[in-house]
Amino acid sequence: MSELEQAPQVVEPYPLSTLRHSVAHLMASAVAKLFPGVKFGFGPSIEHGFYYDFDLAEPLSDKDLKRIEKEMRRIAKQSPELVCHEVSRDEARQRLVGQDYKLEALDLIPADEKITFFQHGDWQDLCEGPHIDRLDREFYFKLQHTAGAYWRGDEHNPMLQRIYGTAFWSEAELERHLAWLEEVRLRDHRKVGVDMDLFSSHAEAGSGFVFWHPDLGVVRRELEEFWWELHTKDGYKPVYTPHVARESLFAVSGHLENYADMMYAPMAIDEMPYRVKPMNCPGHILIYKNRGRSYRELPIRWAELGSVYRYERSGTVHGMLRVRGFTQDDAHIFCTPEQLPKEIAGVCALVDKILTTFGFEYTAYLATRPADKTIGDVEVWDRATQALRDAAAIQGLPLVLDEGGGAFYGPKIDYKIKDALGREWQNSTIQCDFNLPERFDLTYVDSDGAKKRPIMVHRAILGSMERFVGVLIEHFGGKFPFWCAPTQVAVIPIREEHADYCATLADRLTREPFRCDFMAEPVHMNKKIKEAQHRQVPFMLIAGEREQEDGTVAVRRRGTREQVVMPFEDFLELARRLKQTRALGLD
RNA sequence: GCUGCUGUAGCUCAGUGGUAGAGCACUUCCUUGGUAAGGAAGAGGUCAUGGGUUCAAGCCCCAUCAGCAGCUCCA
């Protein structure tokens, strides 16, 4: 949790989740009052507040939210006591006449569990509680927005109207939460992307396709360089594979059978069906299969920044975070069963190195065999899952279980990273695969001369360039670390007669090379400072008479107003160190 | 895909049936300024696209495209 989002310091008589659940009830009672005939769905507390689902004839508007809030305050004053009644199943049924969803919820309660209602005033709700005792206690709430939500989260069910809200014990905490939401809004990569001219998408090109502008291209190139540097050290070699392949390849891989929903329709080339690739693995497999392989070659580690295209439903595309064409930082490791734990452990170490460079904390999840649409025997899955467990143990990496969350060809370790605002994102994944080697009949010749089956590890660390960079924009709020900032240094002369001195500074910086913007235009210095600030340039070097005489620069760090005058050579040393160490800060 | 909402200048937005607007950004001229907006003038719009209603549509209706808040699903 970030500073803005800390848990309450004072000990309250009830947990926050209990308060929020009760406020959800309060909201539902207000809706009942204002919209006779409403049917109620579920209304739980959630991470940052609560919601309640309603089946209403008319769509709700923001105006309605204000009315509902007002009614809530009235009801809280008028009927503050929240009481619990335990009733028989028959009585419950009578109390819920006409409430179709609640009756369905009642049927979900096991026979041996008690059935309780919570009531304030003349409104009651089937609910196991717990709740706060009185609605006239001191607390602060706000209704936030409405949205559609399927009954019980199933898209085959009717859609209900959901109202989201939040509640806190103190006004200060509510204010802090609202400030946090404002910060989230300000850092939104779509907003920052426009402000800083980083990327765009176009109706002309279709939904879900990202165009990287030059400044974000710089960021991406820096990440790629960093990525290749570490991968080369870890023995990965680059491969490149085409974006399109004959459909039959994806029949062999099992994609047509299990992944067709995500794939684009075939295109005919020489009257033969071809597909745009949704994954890179079949391509790497073809390279492996191109000739016989010896155990002496293993493990083989092949990496590719491979672009893939997947159909995402229209309502799900979101900026750079959820798109239809993206580049995975993909790699496949082909190894023997004996090598597997060490290989996976090596990937875990690489993940740690990369994620911590950006200042991310992370949690690792073990995603096991899905209930349907899988290939391979259960024993094979068990072996693969155990190998992931063993590798994590080697690394001392704790795993949280994600039952049924695996890919169709194997179990995986998924990483969730936590950004500067305390939000979680899923990027890195390590997948253990015994099945594709089987389907493609991959072999190597072992020391005893026998042909044996290798194991494949699929892994992506950034996940996709698009999603990772989108998260980075929000994580840093556009303030990229020095090493990958689009412009690293802005050089600003105080008056035009200092331009020559500044030009020599800019020239030195550019030849280093640093990405340097010599702001030579004959406009007011203040305007340039404002512009550089707006573009989140890490350093401004400002020079006038004093600096020119002393061979110094006035260094202004991003986010501060102070200037530190230092010899230019000292600044060069600082910049070199920040670049070389890929430091997060500017000191 | 589904529910609701939105689409007017590069950006943020005003404009509820009768001559397309503001601030910022941009261009030009003036200003020579020591750390976040000096002054003046100018340019910029097929009001998302297509159809319909109307004497008249940015505004009302329909469709399409794109976006937003969610649901579902995911790197």
Side-chain angles (χ1 to χ4, degrees), chain A residues 41 51 53 55-56 58-62 64 144-164 188 190-191 194-197 200-208 259 261-262 278-280 306-308 310-330 405 407 412 414-415 425-429 431 458-471 492-499 522-534 540-547 554-556 560-563 565:
Chain A
Y51 67 78
D53 288 341
D55 187 350
L56 287 161
E58 294 295 314
L60 289 166
S61 69
D62 287 353
D64 293 320
Q144 293 165 297
H145 51 260
T146 60
Y150 300 109
W151 165 238
R152 297 181 62 195
D154 185 332
E155 62 181 310
H156 303 294
N157 285 339
M159 183 157 285
L160 308 178
Q161 295 192 60
R162 176 171 294 180
I163 301 177
Y164 284 92
D188 189 307
R190 294 163 301 180
K191 178 179 164 55
V194 171
D195 287 349
M196 291 178 66
D197 190 15
S200 55
S201 62
H202 303 270
E204 299 94 309
S207 177
Y259 209 72
D261 293 351
M262 300 292 286
M279 292 188 193
N280 300 303
S307 298
V308 297
R310 299 182 185 173
Y311 173 71
E312 295 286 352
R313 302 210 284 181
S314 59
T316 64
V317 300
H318 183 92
M320 302 187 80
L321 299 180
R322 187 79 180 270
V323 294
R324 287 173 168 171
F326 54 97
T327 301
Q328 294 182 303
D329 67 316
D330 212 352
K412 55 186 184 174
D414 280 338
Y415 286 75
W425 306 93
Q426 208 253 294
N427 289 75
S428 316
T429 182
Q431 310 177 349
H458 310 241
R459 37 114 299 177
I461 296 175
L462 307 177
S464 77
M465 302 311 290
E466 284 75 7
R467 180 174 288 182
F468 192 80
V469 169
V471 170
I492 301 173
I494 287 175
R495 277 201 309 280
E496 229 170 329
E497 57 258 40
H498 312 126
V523 296
H524 201 288
M525 178 185 70
N526 285 346
K527 205 171 172 180
K528 296 181 197 173
I529 290 170
K530 191 196 137 210
E531 192 196 322
Q533 199 91 330
H534 182 74
M540 290 180 228
L541 300 190
I542 301 171
E545 259 142 58
R546 300 200 290 268
E547 289 76 12
V555 178
R556 189 173 152 145
T560 72
R561 308 175 71 138
E562 304 119 57
Q563 311 107 49
V565 178

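Values in this document were obtained by computation on a predicted structure and should not be read as measured data. Below, each value reflects all heavy atoms present in this structure, side chains not excepted, and no hydrogens, waters or symmetry copies.
- Nearest-nucleotide positions on RNA chain B place A:R313 closer to the 5' end than the other of A:S428 and A:R313.
- Counting any heavy atom pair closer than 4.0 Å across all strands shown, A:E466 reaches no nucleic acid atom.
- Counting any heavy atom pair closer than 4.0 Å across all strands shown, A:G463 reaches sugar-phosphate atoms only and no base atom.
- Counting any heavy atom pair closer than 4.0 Å across all strands shown, A:V323 reaches a base atom.
- Inter-residue side-chain proximity for A:I529 and A:R556 is flagged as met; some heavy-atom pair is nearer than 4.5 Å.
- The phosphate of B:A75 has OP1 or OP2 within less than 4.0 Å of a side-chain N or O from A:Q426.
- With sequence neighbours left out, the side chain to side chain contact (heavy atoms under 4.5 Å, CB included) criterion links A:A499 to A:F518.
- Close to B:C71, at under 4.0 Å from its OP1 or OP2, lies a side-chain N or O of A:Y164.
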Please list, for nucleotides 65-68 of chain B, all pairs of protein and nucleotide N/O atoms separated by less than 3.5 Å.
residue: B:G67; atom: OP1; partner: A:S207; partner atom: OG; Å: 3.1
residue: B:G67; atom: OP2; partner: A:S207; partner atom: OG; Å: 2.9
residue: B:C68; atom: OP1; partner: A:R190; partner atom: NH1; Å: 2.6

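- Contact check, A:Y311 against B:G1: a side-chain N or O comes under 4.0 Å of OP1 or OP2.
- A:K191 comes within 4.0 angstrom of nothing in the nucleic acid, heavy atoms only.
- The aromatic ring of A:F326 sits over the base of B:A75, with ring centres less than 5.5 Å apart and planes inclined by under 30°.
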* Indicate for each nucleotide in nucleotides 30-37 of chain B, in 5' to 3' sequence, whether protein heavy atoms under 4.0 Å reach the base (B), only the sugar-phosphate (S), or nothing (-). => -BBBBBBB
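- The base of B:G1 is paired with the side chain of A:Y150 by a donor and an acceptor separated by under 3.5 Å.
- Taking atom C1' on both B:A37 and B:G45, the two are 26 Å apart, rounded to the nearest angstrom.
- One cannot find a donor-acceptor pair under 3.5 Å joining the base of B:C71 and the side-chain atoms of A:R162.
- A salt bridge does not link A:D154 to A:R152: none of the charged side-chain nitrogens sits closer than 4.0 Å to a carboxylate oxygen.
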